[in-house]
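Written out below as structure tokens is the structure these notes cover.
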Amino acid sequence: MNKNSIKTEQKGCMLELESLKIEYANQFHRSDKLDNKVYITITFFGFFFVFITGLLSGIGTLHIPSGRLETFLTVCYLLSCAAVLIFYVYLLIYFMRLLKPEHILRLDPIRMQSEKLEGLTDEEACKKLIRLYRNTINENLIKLSDRCDNFTKGLRFVVPTVILAFASYFFQLLLQILH
């Protein structure tokens, strides 16, 4: 091997190490962004709770139905209110679970010290650091990907729950008009 190929290999090693360091830092930013999205969703649920409270206040104003249509609308109203409450509580718990502390691997000094990089040449140390960063990044990406997938799955139920709440309000309005 000549000097140019050794320098090129060392330069490539350093570039790869630098890009892995950037990706490592980006993982924490992505995790923070996901946490922020979950916080925003939970805040939305706080406003949605006020909406549901107004919906449920209509139950106290219900009268004994006088006909089949009114009975049907009352049953639909009560069932939709119960469904909204169940979905609301489920989604709130679901999103709160996404905020549970997740153990993200860090490339801390103790872990680096266990690799005994001190006695190695720059190239050998660089290669070991690259392996450490790759392993750490890959394990963290799997966890982050799972959390993102779970967040997306939870969002799929938010819109139907809101639509169901509006349907309950519609039944409530119809019952007020009929009575």
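Rounding to the nearest 0.5 Å places CD of E18 at 11.0 Å from CD1 of I130. Atom CD of E70 and atom CD1 of I177 lie 12.0 Å apart (nearest 0.5 Å). Atom OH of Y24 is separated from atom CG of N140 by 7.0 Å, given to the nearest 0.5 angstrom. Note that the CG atom of L20 and the CD1 atom of I137 stand 4.5 Å from one another [nearest 0.5 Å]. Remark: L56 CG to F49 CZ distance equals 8.5 Å, nearest 0.5 Å. Within the model, atoms OG of S145 and CZ of R30 stand 10.5 Å from one another, a figure rounded to the nearest 0.5 Å.
Nearest approach of L55 to A165, heavy atoms of both residues: CD1-O, 4.1 Å. Nearest heavy atoms, T136 versus L132: OG1-O, 2.8 Å. In this structure, T74 and P65 approach most closely via the heavy-atom pair OG1-CG, 4.0 Å. For the pair G154 and L91, the tightest heavy-atom approach, listed with the atom from each and the gap, is O-CD2, 3.7 Å. Closest of all the heavy-atom pairs between S168 and C81 is OG-N, 3.6 Å.
Looking at heavy atoms from C-beta onward, E23 lies in side-chain contact with L141 at the 4.5 angstrom threshold. Counting heavy atoms from C-beta outward, S31 and R147 have side chains that approach closer than 4.5 Å. F51 has its side chain within reach of F166: a pair of non-hydrogen atoms, C-beta onward, lies under 4.5 Å apart. Within the 4.5 Å cutoff, the side chain of V89 has no heavy atoms near those of the L85 side chain. Using a 4.5 Å heavy-atom threshold, the side chains of L175 and Q172 count as separate.
Side-chain N or O atoms of T61 include none that pairs as donor or acceptor with a backbone N or O of S57 at under 3.5 Å. Although no hydrogens or angles enter the test, the distance criterion places a donor-acceptor pair under 3.5 Å between the side chain of T43 and the main chain of Y39. Side-chain N or O atoms of Y133 include none that pairs as donor or acceptor with a backbone N or O of K21 at under 3.5 Å.
Within 6.0 Å of the CZ atom in F87, the count of heavy atoms belonging to other residues, nucleotides or ligands does not exceed 12. R131 CZ: more than 12 foreign heavy atoms inside a 6.0 Å radius. By the neighbour-count criterion of 12 heavy atoms within 6.0 Å, atom CZ of F170 is sparsely surrounded, having that number or fewer from other residues, nucleotides or ligands.
The one candidate from T71, L69, V75 that meets the side chain to side chain contact (heavy atoms under 4.5 Å, CB included) condition with L73 is L69. When each of L155, L92, N36 is checked for a side chain to side chain contact (heavy atoms under 4.5 Å, CB included) with T41, only L155 meets the rule.
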Side chain to side chain contact (heavy atoms under 4.5 Å, CB included) between N26 and I22, worked out:
CA-CA 6 Å; N26 284 339; I22 291 168; 3.7 Å; yes
Stepwise side chain to side chain contact (heavy atoms under 4.5 Å, CB included) test for L98 and K37:
CA-CA 11 Å; L98 282 177; K37 288 177 182 180; over 6 Å; no
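Cluster membership check: I93 shares its hydrophobic cluster with V38, using side-chain heavy-atom separations under 4.5 Å among Ile, Leu, Val, Met, Phe, Trp and Tyr. Under a hydrophobic-cluster definition in which Ile, Leu, Val, Met, Phe, Trp and Tyr are linked whenever side-chain heavy atoms come within less than 4.5 Å, directly or via other members, Y90 and L164 are assigned to the same cluster. Put simply, I86 and I59 are part of two different groups of oily side chains (I, L, V, M, F, W, Y) that touch within less than 4.5 Å, one to the next. The cluster map of Ile, Leu, Val, Met, Phe, Trp and Tyr, joined by side-chain heavy atoms under 4.5 Å apart, puts Y77 and I163 in different clusters. Using a 4.5 Å cut-off between side-chain heavy atoms of Ile, Leu, Val, Met, Phe, Trp and Tyr, with links allowed through other members, I42 and F157 fall into the same hydrophobic cluster.
Side-chain rings of F171 and F72 stay apart, their centers remaining 6.0 Å or farther from each other.
Taking the six-membered ring where tryptophan is involved, the planes of F44 and F48 are essentially parallel, since the angle between them stays under 30° and well short of 60°. Note: F45 and F95 have tilted aromatic rings, judged against thresholds of 30 and 60 degrees for the angle between ring planes.
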